[in-house]
Amino acid sequence: MTEELREGLPFVIQLTVFVLAAWVGIEVISKVPQMLHTPLMSGTNAIHGVVLVGAILVLGAAAGGGFETALGIVAVAFGAANVVGGFVVTDRMLQMFKRRPDPPDGEGR
Amino acid sequence: MDAALRADLIQVAYLVAAFCFILGLRWLSSPRTARKGNLVAAVGMAIALVATVADASVETYVWIALAAVVGGAVGAIVARRVQMTAMPQLVALLNGLGGGAAALIALAEYHRESASHAGESLPPVLAVGVMFSAIVGSISFSGSIVAFAKLQELLPGRPITWPGQKALNAIGAAVALGLAVYASFDIADPLLWVAVAIALVLGTAAVLPIGGADMPVVIAFLNACTGLAAAATGFMLDNTLLIIAGTLVGASGTLLTKLMGDAMNRSLANVLFGAFGGGGAAQATGASGEALPVLEISPSDLAAQLVYARRVSIVPGYGLAVAQAQHPVRELADLLGERGVQVSFAIHPVAGRMPGHMNVLLAEADVPYDQLLEMEEANPEFPQTDVVLVIGANDVVNPAARDDPSSPLHGMPILEVDRAETVIVFKRSMATGFAGIENLLFHDPKTRMLFGDARKSLVQLVQEVQAV
């Protein structure tokens with residue numbers, strides 16, 4: 001087994017984390033206005049690039065084994081492109097969103 | 001540093017990263033804080049990555065650095081260079097990469113197990129994690145690539161169907177699942193590879209029959225899949241940060257999928273298996289009578305009408321993006337605004353090819369976001385609106401969705417533009433919309449058609465308005 005990769009968490013704890021995260025996710029996002037749907041999606045796209053963490057762990061522990069190393073390299077490259085591309089493009093998008101320059105009506109949406 | 005302390009510090013860093021992700025998402029859901037939110041999430045990611053590299057189990061750095069630099073550079077360059085109109089493709093592509101990474105991680109873990117434990121069975125949690133991320137990650141990968149190819153027009157955007165589609169997909173899914181279960185009880189490398197290969201075909205076969213207008217649902221759904229695949233790698237590697245971040249994305253993707261489905265009055269199953277606009281919906285075209293009258297309007301007449309209007313509403317659709325007409329439309333809105341006309345944009349939740357597509361497109365053209373109305377805000381205003389300009393939209397303004405129970409669109413919430421004084425439809429020709437459904441709005445006595453390329457028509461209209 002590859003215990004050194006694992007934190008050794010009991011399944012129940014993992015499940016707790018999963019359920020709580022799902023709840024937090026739904027609560028936090030449920031109020032997002034339509035105009036932010038695309039940035040939200042590309043932002044969460046960048047966040048699921050967190051698989052890069054897993055890819056690094058797998059590749060880092062692949063002790064010279066040619067095959068695992070090869071898989072790990074591709075996984076790291078994919079994950080890195082996902083993370084960087086996702087955050088950069090979301091930022092590009094969001095910097096375009098502007099309010100009217102001099103709004104006499106102060107009420108935002 | 002002593003190993004236990006190091007491990008604790010890494011966990012603390014992961015906790016901080018998870019906190020940043022949640023805060024980032026929270027800030028992403030309000031326009032004032034959205035940009036900051038994205039930044040916070042990126043900082044969280046950086047913290048997580050530094051902590052991971054410091055993990056004691058990581059021994060080989062060269063390959064990691066090399067792969068990360070190459071992947072990151074490609075991601076950065078593409079994200080900087082891509083046209084805003086190509087945003088749906090890019091979102092699909094990035095999503096596919098994440099899914100692919102999750103599947104590869106699962107394959108690598110399985111391979112490692114097969115070296116030391118061939119013929120044995122995987123511990124249950126590990127098995128579920130490996131199989132889920134391998135299968136769902138692969139489906140998300142190939143599905144996203146097909147969605148990308150469709151949006152990039154490398155593949156036709158219309159639904160591609162073949163006989164026995166549903167049955168074949170169901171058989172494929174059953175076989176992949178069966179192989180995955182078998183592979184967890186008897187660790188042997190080729191088994192999971194076959195399951196992954198089937199999953200790749202399955203993802204392709206699932207997205208090919210889906211037409212362009214259903215893309216917002218599909219892209220949101222694939223986003224949820226990749227998130228959950230990432231969470232599964234967390235179960236596999238016993239990594240709480242992966243579980244938290246992946247689940248957050250899974251939750252948001254699921255929510256968006258539901259929102260998009262509601263906006264079309266269709267369930268996810270209906271989108272995935274309906275091949276809308278293919279066989280099922282086509283017969284509806286025959287229902288309408290032939291040779292209904294169509295009234296045209298010239299740009300100069302329209303310009304005069306617009307200048308003397310009090311309230312004008314613009315309804316953009318995917319056609320606006322295709323014609324790259326976002327800049328001329330903003331010019332028109334500004335010109336009319338200067339003349340005291342009250343101009344707003346009414347945006348249907350599924351207009352375009354991804355959730356929020358029109359908002360991004362108009363933001364690129366510097367349309368201030370407080371000028372954009374969501375469907376619920378726009379509909380009560382149409383009865384007091386003098387002129388509605390429908391540009392490159394069709395099904396989302398089809399009154400049949402509201403009035404005709406026999407229409408395949410029936411029940412889909414629409415922008416009720418037919419309640420306005422006059423409706424002007426910018427259209428290339430009288431061809432039916434994506435769903436192949438006749439739109440009686442075009443034959444309404446208060447409707448005028450402005451045929452031609454939306455961009456050219458708008459440029460001409462801007463000139464005419466300046467001349468009035």
Side-chain angles (χ1 to χ4, degrees), chain A residues 4-7 9 11 14 17-18 21-22 25-26 28-29 31-32 34-35 37-38 40-45 47-51 53-56 58-61 67-68 71-91 93-94 96-100, chain B residues 21 25-26 28-29 34-35 38 41-42 48 52 57-58 63-64 67-68 70-72 74-76 78-79 91 94-95 97-98 100-102 104-105 107-108 111 125 223 226-227 230 233 235 237-238 240 242-245 247-249 251-252 255 349 355-356 359-360 363-364 368-370 374:
Chain A
E4 75 275 14
L5 272 191
R6 311 219 163 88
E7 294 163 16
L9 283 176
F11 176 62
Q14 295 186 329
V17 170
F18 172 75
I26 290 170
V28 167
I29 294 147
K31 277 151 273 166
V32 62
Q34 177 188 315
M35 62 165 285
H37 280 171
T38 298
L40 175 75
M41 209 171 47
S42 77
T44 54
N45 237 332
I47 291 176
H48 71 48
V50 77
V51 284
V53 164
I56 289 175
V58 166
L59 177 55
F67 191 56
E68 274 160 49
L71 289 174
I73 288 172
V74 181
V76 169
F78 275 16
N82 183 176
V83 166
V84 177
F87 282 123
V88 169
V89 85
T90 309
D91 189 62
M93 227 183 276
L94 286 170
M96 301 182 321
F97 283 85
K98 291 184 201 88
R99 294 176 57 79
R100 234 182 285 252
Chain B
F21 290 159
L25 281 179
R26 194 193 164 83
L28 258 176
S29 41
R35 202 170 169 198
N38 185 52
T52 308
S57 71
V58 176
W63 287 119
I64 294 174
V70 171
V74 170
V78 172
V91 169
L94 292 174
N95 191 55
L97 291 180
L104 289 168
I105 293 169
L107 283 170
H111 181 75
V125 178
N223 184 27
T226 303
T233 62
F235 279 92
L237 300 172
D238 257 349
T240 39
L242 283 173
I243 300 180
I244 294 173
T247 309
L248 286 174
V249 180
S252 107
L255 209 72
N359 300 78
V360 175
E364 193 223 343
Y369 62 74
D370 34 5
E374 295 188 14

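Interface residue B:Thr233: only side-chain heavy atoms are found under 4.5 Å from chain A. Contacts of B:Val74 with chain A are absent, with no heavy-atom separation under 4.5 Å from either backbone or side chain. Both the backbone and the side chain of A:Val50 have a heavy atom closer than 4.5 Å to some heavy atom of chain B. Of the atoms belonging to B:Ile244, heavy atoms from both backbone and side chain fall under 4.5 Å from chain A. Contact annotation for B:Val91: both backbone and side-chain heavy atoms come within less than 4.5 Å of a heavy atom of chain A.
Between chain B and the residues A:Met96, A:Lys31, A:Met93, the most heavy-atom pairs under 4.5 angstrom are made by A:Met96. With chain A as the partner, the residue from B:Ala102, B:Ala230, B:Pro349 showing the most heavy-atom pairs under 4.5 Å is B:Pro349. Looking only at heavy-atom pairs under 4.5 Å with chain A, the residue among B:Gly98, B:Gly72, B:Ala34, B:Ala68 that has the most is B:Gly72. Your options are A:Ile73, A:Asn45, A:Thr90, and the one with the most heavy-atom pairs under 4.5 Å with chain B is A:Asn45. When B:Ile243, B:Asn95, B:Leu255 are compared by the number of non-hydrogen pairs under 4.5 Å with chain A, B:Asn95 comes out ahead. The candidate from B:Asn359, B:Leu28, B:Leu242, B:Thr226 with the greatest count of non-hydrogen atom pairs under 4.5 Å with chain A is B:Asn359. When each of A:Gly43, A:Gly25, A:Gly86, A:Gly54 is checked for heavy-atom pairs under 4.5 Å with chain B, A:Gly54 comes out on top. Put simply, of B:Val78, B:Leu107, B:Ile105, B:Leu248, the one with the most heavy-atom pairs under 4.5 Å next to chain A is B:Ile105. Considering only heavy-atom pairs separated by less than 4.5 Å from chain B, the leading option among A:Val32, A:Ile26, A:Ile47 is A:Ile47.
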**OP:** Might you work through the side-chain contact (heavy atoms from CB on, under 4.5 Å) test for A:Phe78 and A:Val51, ending with a clear yes or no?
**Re:** CA-CA 9 Å; A:Phe78 275 16; A:Val51 284; over 6 Å; no
**OP:** Apply side-chain contact (heavy atoms from CB on, under 4.5 Å) to the pair A:Val58 and B:Leu237, showing each step before the final yes or no.
**Re:** CA-CA 9 Å; A:Val58 166; B:Leu237 300 172; 4.2 Å; yes
Subject >> Worked check of side-chain contact (heavy atoms from CB on, under 4.5 Å) between B:Tyr369 and A:Lys98 >> reply: CA-CA 6 Å; B:Tyr369 62 74; A:Lys98 291 184 201 88; 5.5 Å; no
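The aromatic rings of B:Phe235 and A:Phe11 sit tilted relative to each other, their planes meeting at an angle between 30° and 60°.
For the pair A:Leu40 and B:Leu25, the minimum side-chain heavy-atom distance is below 4.5 Å.
Using modelled atom types, one finds a donor on one side chain and an acceptor on the other under 3.5 Å when comparing A:Asn82 with A:His48.
Minimum heavy-atom separation, A:Val83 to A:Gly49: CG2-O, 3.2 Å.
Residues that satisfy the side chain to side chain donor-acceptor pair (under 3.5 Å) test with A:Thr44, not counting sequence neighbours, are B:Asn223. Remark: B:Glu364 engages B:Gln326 in a side chain to side chain donor-acceptor pair (under 3.5 Å) (not counting sequence neighbours).
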